[in-house]
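Reviewing the structure listed below.
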Protein chains: 2
Amino acid sequence: MSKDSRDVPAPPWRKPRRPAQVKRQLNQELIVETGLAILDAEGFDALSMRRVAQELETGPASLYAHVSGKEELLELIYDRVCAEIRLPEPDPSRWKEQLREYALEVHRVFGEHADVARAALASIPTGEHSLRTGEFTYGLLIEAGMSPREASLAMDRLTLYLVGDAYEASVHWARMRAAGMRDPREYFEAFIRQITTYYRALPRERFPHLYDHVDDLTADGGEARFEYGLELLLDGIEARMPRT
Amino acid sequence: MSKDSRDVPAPPWRKPRRPAQVKRQLNQELIVETGLAILDAEGFDALSMRRVAQELETGPASLYAHVSGKEELLELIYDRVCAEIRLPEPDPSRWKEQLREYALEVHRVFGEHADVARAALASIPTGEHSLRTGEFTYGLLIEAGMSPREASLAMDRLTLYLVGDAYEASVHWARMRAAGMRDPREYFEAFIRQITTYYRALPRERFPHLYDHVDDLTADGGEARFEYGLELLLDGIEARMPRT
DNA sequence: ACCTGAACACCGTTCAAGT
DNA sequence: ACCTGAACACCGTTCAAGT
């Protein structure tokens, strides 16, 4: 056989190629990154093993050398997203502000990867980056004076809230996509119109409060709802924090 | 043709049959009931249009005369479960106790239909019975003195909490089923052992609090977690209730 | 060790055809 | 109006075979 073509320099007019590997070199990180890209661009329902394989120009069976199955892929994607969560230097004397900042930061990151919450609730995450966020919140609560036992409960409920809210938001994103819309404001307005029409058609004698206050029911959007619930939780935790 | 065999009485030794209808008469209620039965017995992942059709001894296409698709079926099943939620006569002077009772009642009903929360979060329920629960909580908050605008937020977050918690529980049920276990206690113990082993294997210098308090992290089960979060929310709402 | 094609046992939904 | 069989375009995972 003649020498490998990689040994001769490419002529300068030839378009640069990726390193000459006929078959794509797969690895776990590449698979996770591809999965996340599909999740972000087309949503949870579009993410399938076959779709990931297609994107990597291979068959679905090839993925199973690097990932045990779809469930593990979802966990890995979730953890990959958790890596984007920025954490401040813990300062227990400011635990409440820091917990609020943390929650808003998680909210922001989950907002940029709308459907990742569905991956989170579909499994029980134990990856390195989600542990990092756990250590942060748990340490903050304990150093602020809460007992480890109670801090476990508080952390657990706060996490559930963050994921649950993000999940709900992702359902709306999916519906928007399904309706062929692109602008969230447009979708949101259409949604409010629908709800309003529906509630106004209700028998007033059976649902007086809902009927009378449709406008209040739809007045606040996702952001305000998120922040209201967050403050409910933070206040509740504060009331339970020793010697504040 | 001879007279239909239904006109001659069956001999007493023949096993009784269902009324002789060669083809099953389908209707929406029957489909919903069948779907719920599958959901309860085998979980969310087992619930498919084809499976429901099979149970009713027909083809999947037959369902589409009574139900627009899987999404509507899930909504109908969710609403059917909401019908089981018992509501007390509203007494705004006892709003906090009644809201707590309500939350525990929802928790109980969702516990009996473990996977229904997944049907709820997968759509936006607007059925008659879920409206009934909405009217109850909303009316209670308003009559207790909260502004309609803020009551909307409080109701929304409480509902999210109830559904989110139930969803999380259903993930554990699914994992238990997948592991071939039947006894929740057995599963719970195995799960705790797993978590404990995993956390103990962590580098202590990076995750000191998680490492040191594994036992506290796993000390409380689903019920205690649910109630702790519920009290956090109720206390937060109470703090915002005018002239308590 | 890693990758592959083919196969298995499933999905939700549509549609033309029947009654 | 309701029901049906067949088809379409998908799933996740396994397995024997290749390199």
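In the text below, chain A, chain B and the rest are named by the order of the sequence lines, each starting its count at 1. Side chains are part of it too, since the values below use all heavy atoms of this structure and drop only hydrogens, waters and symmetry mates.
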- Query: So A/Y167 and B/Y167, ring pair (Phe, Tyr, Trp, His ring centres under 6.0 Å) or not? Walk me through it.
  - Reply: CA-CA 11 Å; A/Y167 193 109; B/Y167 193 109; 5.1 Å; yes
What is the distance, to the nearest angstrom, from the [atom1] atom on [X] to the [atom2] atom on [N]?
| X | N | atom1 | atom2 | value |
| --- | --- | --- | --- | --- |
| B/L56 | D/dC2 | CG | P | 16 Å |
| B/R51 | C/dC10 | CZ | P | 10 Å |
| B/M49 | D/dC11 | CE | P | 19 Å |
| A/E42 | D/dC10 | CD | P | 12 Å |
| A/E71 | D/dC11 | CD | P | 19 Å |
| B/D45 | D/dT13 | CG | P | 11 Å |
| B/E57 | D/dC3 | CD | C1' | 15 Å |
| A/Q54 | C/dT4 | CD | C1' | 16 Å |

- Would you check if there is a donor-acceptor pair between the side chains of A/E29 and A/H66 at a distance under 3.5 Å? no
- Query: Any chance the side chains of A/R157 and B/Y161 put a donor and an acceptor closer than 3.5 Å?
  - Reply: yes
Options [options], nucleotide nearest the side-chain atoms of [X]:
| X | options | answer |
| --- | --- | --- |
| A/R50 | C/dC3, D/dG12, C/dT13 | D/dG12 |
| B/H66 | C/dT4, D/dC2, C/dT13 | D/dC2 |
| A/Y64 | C/dT13, D/dG12, D/dC15 | D/dG12 |
| B/A61 | C/dC15, C/dG5, D/dC2 | C/dC15 |

- Where each residue is assigned the nucleotide of DNA chain D containing its nearest heavy atom, which of A/P60 and B/P60 is assigned the position nearer the 5′ end? B/P60
- Task: Determine the interplanar angle of the A/Y187 and A/H172 rings, folded into 0 to 90°, and report it as parallel if under 30°, tilted if 30 to 60°, perpendicular if over 60°.
- Result: perpendicular
- Name of the residue among B/V106, B/L36, B/D40 meeting side-chain contact (heavy atoms from CB on, under 4.5 Å) with B/V81: B/L36
- Map A/A65 and B/L47 onto DNA chain C by nearest heavy atom, then report which one ends up closer to the 5' terminus. A/A65
- Stepwise ring pair (Phe, Tyr, Trp, His ring centres under 6.0 Å) check, B/Y102 with B/F136: CA-CA 9 Å; B/Y102 163 74; B/F136 173 78; 5.7 Å; yes
- Message: Using a 4.0 Å heavy-atom cut-off, does B/S48 contact any base of the nucleic acid, only the sugar-phosphate backbone, or nothing at all?
- Response: sugar-phosphate
- B/T58 side chain N/O closer than 4.0 Å to the phosphate oxygens (OP1, OP2) of D/dC3? no
- Item | Runs of at least three consecutive pairs that involve DNA chain D, where pairs are Watson-Crick or G-U with distances under 3.5 Å | C:4-8 with D:12-16, C:12-16 with D:4-8
- Should the pair A/E33-A/R80 be classified as a salt bridge under the 4.0 Å nitrogen-to-oxygen rule? yes
- Between B/E105 and B/R108, does at least one N-O distance fall below 4.0 Å, as a salt bridge requires? yes
- Rounding to the closest angstrom, what is the interatomic distance between C/dC15 and D/dC3 at atom C1'? 13 Å
- Query: Roughly how far apart, to the nearest Å, are C/dC10 and D/dC8 at atom C1'?
  - Reply: 15 Å
